[in-house]
Amino acid sequence: MVKTHEDWLKLTLNMASENVKNGGGPFACIIVKNNSAVATGVNNVVKNSDPTAHAEVEAIRAACRVLGSHQLDECIVYCSCEPCPMCLGAIFWSRPKAVYFAAGSEDAAKIGFDDAVIYREISLAPKKRFIPFTQISDEDRITPFQTWERYEGRKAY
């Protein structure tokens, strides 16, 4: 049976609610290819003591393993909520063909999941961020990049 975008989003919302009941966060993600679920993910940040264990990141990791690729060619990502900046980055790196989400970032902010500070910090110069970032110039700083450029087995991403 062909599922609609609304059907897939309803599934993510159900997964997110179930995840809360199981000690996780209120977020879920399903990655779909050819109208079949490739992988799912739920938020396990607190449960796993892992700040990167967001639903989208978990689903992307699982889908890439299933597909044997670091990219989600022809996949659609369904999220119970608008992705945070970290997940947004992971989504752009994985290159799906589309993303659909249910709740917006403003809905998440109302219950304490506010990403606005991260978006503000991204636009600042590294030294002006509330967590200071300092570049230390080392004469070998580009050696890994040069090694990458010379490596014949590299795969672009």
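The shown structure was predicted, so the numbers you read here are calculated from the model rather than taken from an experiment. Keep in mind that the numbers below use all heavy atoms, side chains included, and drop hydrogens, waters and symmetry copies.
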Which atom pair, heavy atoms only, marks the closest approach of F130 to V117? CE2-CG2, 3.9 Å
For I142, does the CD1 atom have more than 12 heavy-atom neighbours from other residues, nucleotides or ligands under 6.0 Å away? no
Quick check: do I118 and C84 have side-chain heavy atoms less than 4.5 Å from each other? no
What's the separation between atom CG in L11 and atom OG in S80, rounded to the nearest 0.5 Å? 11.5 Å
Starting at CD1 of I60, measure out to CD of E56 and round the result to the nearest 0.5 Å. 7.0 Å
Note, I76 side chain near P96 side chain (heavy atom, < 4.5 Å): no
I want to check something: taking the side chain as every heavy atom from C-beta on, are M15 and T40 in contact at a cut-off of under 4.5 Å? yes
Group every Ile, Leu, Val, Met, Phe, Trp and Tyr by side-chain heavy-atom contacts under 4.5 Å, then state whether L67 and I31 land in the same group. yes
Smallest heavy-atom separation, N35 atom then K3 atom, equals ND2-N, 2.9 Å
Any chain of hydrophobic side-chain contacts (each under 4.5 Å) joining Y100 to V42? yes
Applying side chain to side chain donor-acceptor pair (under 3.5 Å), run through Q71 and S94 and close with a yes or a no. CA-CA 4 Å; Q71 299 202 331; S94 66; over 6 Å; no
Heavy atoms from other residues, nucleotides or ligands near CZ of F92 exceed 12 (cutoff 6.0 Å): no
Checking R154 against Y151: charged group under 6.0 Å from the ring centre and within 45 degrees of the axis? no
Passes ring-ring contact (aromatic ring centres under 6.0 Å, His included), H5 versus Y78? Steps please. CA-CA 8 Å; H5 299 307; Y78 294 94; 5.8 Å; yes
Just do the side-chain contact (heavy atoms from CB on, under 4.5 Å) check on W8 and T4 with the steps written out, would you? CA-CA 6 Å; W8 288 111; T4 66; over 6 Å; no
Rounded to the nearest 0.5 angstrom, the NZ-NZ distance for K33 and K97 is 9.5 Å
Hey, does the side chain of N48 reach the backbone of V45 with a donor-acceptor pair shorter than 3.5 angstrom? no
E74/N34 under side-chain contact (heavy atoms from CB on, under 4.5 Å): CA gap, chis, key distance, verdict: CA-CA 8 Å; E74 298 305 309; N34 300 325; 5.6 Å; no
Should F133 and I122 be regarded as members of a common hydrophobic cluster, given that ILVMFWY residues are connected when their side-chain heavy atoms come within less than 4.5 Å of each other, either directly or indirectly? yes
Show your reasoning for whether side chain to side chain donor-acceptor pair (under 3.5 Å) applies to D50 and T52. CA-CA 5 Å; D50 179 354; T52 69; 2.7 Å; yes
Rounded distance (nearest 0.5 Å) linking atom CD1 of I30 with atom OG of S36: 12.0 Å
Can you give me the closest heavy-atom contact between S105 and E82, atom names plus distance? N-OE1, 2.9 Å
What are the two closest non-hydrogen atoms of V77 and C29, and how far apart are they? CG1-SG, 3.6 Å
Which value, rounded to the nearest 0.5 Å, describes the distance between C79 atom SG and L13 atom CG? 10.5 Å
Between L88 and V99, is there shared hydrophobic-cluster membership here, with clusters defined by ILVMFWY side-chain heavy atoms closer than 4.5 Å? no
What one should report as the nearest heavy-atom pair of A39 and A63 is CB-N, 3.4 Å
Check whether R141 reaches the backbone of D138 with its side chain - one donor and one acceptor, N or O, closer than 3.5 Å. yes
Over 12 foreign heavy atoms within 6.0 Å of NZ, K10: no
Classify the side-chain pair N14/S17 by whether it contains a donor and acceptor separated by less than 3.5 Å. no
Is there a path from V66 to I91 through hydrophobic residues (I, L, V, M, F, W, Y) whose side chains come within less than 4.5 Å of each other? yes
Is H70 reaching over with its side chain to a backbone N or O of W93, donor-acceptor style, under 3.5 angstrom? no
With a cut-off of 6.0 Å (strictly less than), are more than 12 heavy atoms of other residues, nucleotides or ligands near NZ of K110? no
From E106 atom CD to F113 atom CZ, the distance as rounded to the nearest 0.5 Å: 15.0 Å
Could you tell me which non-hydrogen atom of A102 sits nearest to which non-hydrogen atom of L9, and how far apart they are? N-CD2, 3.9 Å
Donor-acceptor contact below 3.5 Å, side chain N19 vs main chain G25: yes
Donor-acceptor under 3.5 Å (R95 side chain, L72 main chain): no
